[in-house]
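The structure appears below as structure tokens.
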Number of protein chains: 4
Amino acid sequence: MAEPRYRRRKEDRPDEITAAALSAFAENGYAATRVEEVAKRAGISKGLLYLYFKTKEELFKAVIRSVVIPRVDALELALDQSTLSAEAFLRGPMLQFMQGIPGSPVGIVVRLMIAEAHRHPDLVDYYWQNVVSRGLAALQRILDRGVENGEFRRTAVNELPHLLIAPVIFSVIWKLLFENRSLDTDRLIECHIDMILNDIKA
Amino acid sequence: MAEPRYRRRKEDRPDEITAAALSAFAENGYAATRVEEVAKRAGISKGLLYLYFKTKEELFKAVIRSVVIPRVDALELALDQSTLSAEAFLRGPMLQFMQGIPGSPVGIVVRLMIAEAHRHPDLVDYYWQNVVSRGLAALQRILDRGVENGEFRRTAVNELPHLLIAPVIFSVIWKLLFENRSLDTDRLIECHIDMILNDIKA
Amino acid sequence: MAEPRYRRRKEDRPDEITAAALSAFAENGYAATRVEEVAKRAGISKGLLYLYFKTKEELFKAVIRSVVIPRVDALELALDQSTLSAEAFLRGPMLQFMQGIPGSPVGIVVRLMIAEAHRHPDLVDYYWQNVVSRGLAALQRILDRGVENGEFRRTAVNELPHLLIAPVIFSVIWKLLFENRSLDTDRLIECHIDMILNDIKA
Amino acid sequence: MAEPRYRRRKEDRPDEITAAALSAFAENGYAATRVEEVAKRAGISKGLLYLYFKTKEELFKAVIRSVVIPRVDALELALDQSTLSAEAFLRGPMLQFMQGIPGSPVGIVVRLMIAEAHRHPDLVDYYWQNVVSRGLAALQRILDRGVENGEFRRTAVNELPHLLIAPVIFSVIWKLLFENRSLDTDRLIECHIDMILNDIKA
DNA sequence: AATGAATGAGTATTCATTCAT
DNA sequence: CATGAATGAATACTCATTCAT
């Protein structure tokens with residue numbers, strides 16, 4: 001039952017490789033990760049990796065995209081299909097979404113972005129357009145919907161939806177640096193949402 | 001055989017070097033900064049730099065310390081010597097302190113910590129003990145003083161002073177990634193403080 | 001289950017491949033040409049190419065042979081069947097033959113030989129025996145025939161027929177290096193032949 | 001009397017390195033020569049080589065220049081300072097100069113140029129401007145001087161001074177490919193000069 | 001016969017660190 | 001103290017060749 005040397009799994013490879021890369025980048029960061037190490041984790045040779053990703057940077061970008069786009073898609077879908085009140089949405093699916101981020105690959109991606117952004121300006125553009133803009137727009141839609149419903153007052157938060165996610169980013173960073181030092185990030189985020197809702201409720 | 005008039009004194013060198021290193025790290029990150037570049041910015045030779053810092057990592061740690069400790073010292077001092085009410089302190093010196101961070105060397109240090117923490121666990125320990133713990137304790141003292149004063153209610157924020165600085169960290173990250181995309185971080189931080197004060201005022 | 005109408009026959013393949021290889025080598029040189037590129041130009045897969053040529057070097061040698069042997073054959077044939085006087089032969093078919101070389105595959109082959117000879121000593125032997133010796137012998141026969149005819153004197157050229165083709169090789173090199181810088185190689189070669197004939201005519 | 005590890009010979013290094021590179025390139029060609037091999041022959045480390053030549057290509061260009069420029073300088077100088085008749089110059093210093101080329105580094109450089117020109121178009125430009133143009137101009141001056149003297153007729157050679165050096169290039173190539181197969185290149189070149197002089201003498 | 005996925009050896013270049021001067 | 005020449009380990013990427021299908 002030896003592993004076959006040739007597996008011919010063209011379709012599965014890219015995802016296997018980005019998954020391997022994510023785990024390697026998570027442990028050592030982008031710069032310190034050797035391409036060969038990624039290949040080893042993916043169970044393939046260096047050469048084959050280069051068949052799918054022309055450079056280490058391409059691989060990096062693919063990892064970012066593969067992790068982050070599905071999340072934004074999911075958020076938008078949830079928002080569009082939800083029949084909940086704005087408050088119920090924020091306390092329910094939105095809270096869950098936010099709490100899920102710090103422990104997930106998204107956290108790793110944020111770290112990678114922070115560390116490497118300087119050298120990949122086009123990736124920053126991509127990230128801005130496909131992640132940040134869309135995410136902020138989604139937040140704004142929730143808040144605006146609440147205002148239209150008569151649930152919420154119109155406050156500064158409507159123009160600064162960033163306020164909503166600040167503690168999520170904070171938690172990501174915290175987990176990254178002080179993983180073992182206690183902080184209940186779930187509670188932190190929940191308190192924050194509470195506070196905001198108290199502030200904006202009509 | 002006159003002594004050069006403005007001969008640099010030995011004691012100033014370390015600070016000159018860490019300052020040079022900070023500016024280099026700020027532009028290119030730690031890994032991408034060559035020791036020679038730091039030496040050049042400090043106006044000395046590579047060899048001399050190694051006389052003061054045995055390795056690049058030592059230099060890195062010195063930079064972190066030199067930037068961050070004075071800030072915490074200043075915060076503690078301001079807090080201890082202030083005769084303002086808790087609210088006035090938060091809206092005054094504290095707000096100013098927080099707004100100052102994203103554009104200051106502290107922002108750079110945060111970025112460096114995030115990018116490099118993995119490879120310098122002892123630095124994380126140091127940072128935790130001498131910066132984060134002390135900072136959080138200071139925040140807690142302000143809040144507790146407010147409670148004792150009767151200004152504030154005791155709420156979750158008393159146990160989670162992190163909530164106060166979350167938007168500061170967020171702003172640091174934002175500036176780092178999206179410097180040119182508009183966000184008024186001063187206003188973001190001010191709104192956040194407003195919201196918290198509304199929440200906790202008795 | 002009809003046979004494809006224009007199914008390529010096995011026998012044509014090697015020539016198709018060497019032709020593809022020649023065009024690729026002409027553009028990029030031997031070392032810089034990837035086997036895959038040759039396969040693509042030949043409209044086949046890499047694997048199939050290796051069925052016909054065991055190594056890239058084998059392919060290289062086949063290309064050299066395929067280009068150069070027919071030329072020498074043609075020269076010998078023309079010489080043997082010609083009923084022209086030696087001078088008329090030199091001014092007519094021979095001149096045309098020489099002028100044709102710089103812009104032809106032979107030029108490419110000369111370039112390849114020069115660049116790669118060091119690493120393929122057996123190819124040099126082959127080239128020597130089957131191309132250079134035969135070519136020089138042919139030249140010598142023309143000259144000797146001229147002497148026997150009483151057309152020519154016996155001069156140093158009879159022992160150094162190389163003198164006849166020196167400007168051809170020169171033209172090949174020139175075209176290769178300075179393609180765009182003007183030099184009328186046809187005229188160069190013609191002048192040279194003129195000069196030689198003036199020299200050796202009885 | 002052990003070799004000192006540190007020699008600190010900044011001024012001598014570049015020439016030592018280009019000399020080492022020339023010998024390595026001569027043996028194996030440019031592409032097949034490892035930078036490390038050049039360093040070894042120069043008795044230094046790879047890193048130090050890169051202190052003087054930023055890339056392998058830079059090194060290549062330096063080699064070309066170092067070999068070829070002095071020769072052209074020497075030719076021009078000889079020509080300008082000579083008081084010989086045109087014929088005497090061609091039969092004397094010029095013949096010697098031409099005969100010296102095939103066995104000298106210039107031959108190696110010609111080979112390198114032929115093999116690598118495609119990938120270094122700026123080097124071809126440089127070579128054209130600083131070697132070929134100057135060389136041809138010098139030849140033309142000799143011939144024109146002869147015409148002015150009344151020594152020579154004005155013939156095609158005046159416009160095609162290339163004819164003079166064709167056998168030199170031929171000899172270079174020959175030596176390169178067939179070093180061991182007998183050809184007296186000195187005699188080849190002398191015969192050629194003889195022939196040309198017979199042709200153009202008034 | 002034909003494919004192309006898979007392998008892995010081979011190499012230019014960088015940069016932290018040392019040490020003769 | 002001060003210099004900067006010198007070292008060499010480390011790593012992304014290429015491409016001839018193989019072989020399961």
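The shown structure was predicted, so the numbers you read here are calculated from the model rather than taken from an experiment. Naming: A, B, ... by sequence-line order, numbering from 1 per chain.
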Are [X] and [Y] packed together at the side-chain level, in the sense that at least one heavy-atom pair is separated by less than 4.5 angstrom?
X	Y	result
B:Met113	B:Tyr127	yes
A:Lys61	A:Tyr126	no
A:Thr18	A:Arg65	no
C:Ile69	C:Asn130	yes
D:Ile114	D:Ile173	yes
D:Leu59	D:Tyr50	no

Inter- and intrachain pairs under salt bridge (Lys or Arg N to Asp or Glu O under 4.0 Å), touching residues 107-117 of chain A, at least two apart = A:Glu116-A:Arg119
Residues forming a side chain to side chain contact (heavy atoms under 4.5 Å, CB included) with [X], sequence neighbours excluded:
X	value
D:Ala117	C:Leu177, D:Val124
A:Leu51	A:Leu48
A:Ala19	none
B:Thr55	B:Glu57, B:Glu58

Rounded to the nearest angstrom, tell me the gap between atom [atom1] in [X] and atom [atom2] in [N].
X	N	atom1	atom2	value
D:Asp12	F:dA6	CG	C1'	15 Å
C:Lys40	E:dG4	NZ	P	13 Å
A:Tyr52	E:dA5	OH	C1'	7 Å
B:Lys46	F:dT7	NZ	C1'	10 Å

Partners passing ring pair (Phe, Tyr, Trp, His ring centres under 6.0 Å) against C:Tyr30 (at least two apart in sequence or in another chain) | C:Phe25, C:Phe60, C:His120
Contact list for DNA chain F against residues 26-37 of chain C - heavy-atom distance below 4.0 Å | C:Thr33, C:Arg34, C:Val35
Residues of residues 117-126 of chain C with any non-hydrogen atom less than 4.0 angstrom from an atom of DNA chain F: list those, numerically ordered, please.
-> none
When you match C:Leu48 and D:Gly47 each to their closest nucleotide on DNA chain E, which lands nearer the 5' end?
-> C:Leu48
Within residues 53-60 of chain D, the residues having a heavy atom closer than 4.0 Å to DNA chain E are D:Thr55, D:Lys56
Under the rule of Watson-Crick or G-U wobble with both distances under 3.5 Å, where | means paired to another strand and [ ] a crossing pair, DNA chain E maps to .||||||||||||||||||||
Check every strand shown and say whether C:Leu51 touches a base, only sugar-phosphate, or nothing at a heavy-atom separation below 4.0 Å.
-> sugar-phosphate
What's the closest nucleotide to the side chain of [X] if the choices are [options]?
X	options	answer
D:Arg13	E:dT3, E:dA5, F:dA6	F:dA6
C:Tyr50	F:dT14, F:dT18, E:dA5	F:dT18
D:Ile44	E:dA16, F:dT18, F:dT7	F:dT7

Salt bridge (charged side-chain N to carboxylate O under 4.0 Å, His left out) involving A:Asp15 - partner list, sequence neighbours excluded | none
Sequence neighbours left out, what passes salt bridge (charged side-chain N to carboxylate O under 4.0 Å, His left out) with B:Arg41? Give chain and number order.
-> B:Glu27, B:Glu37
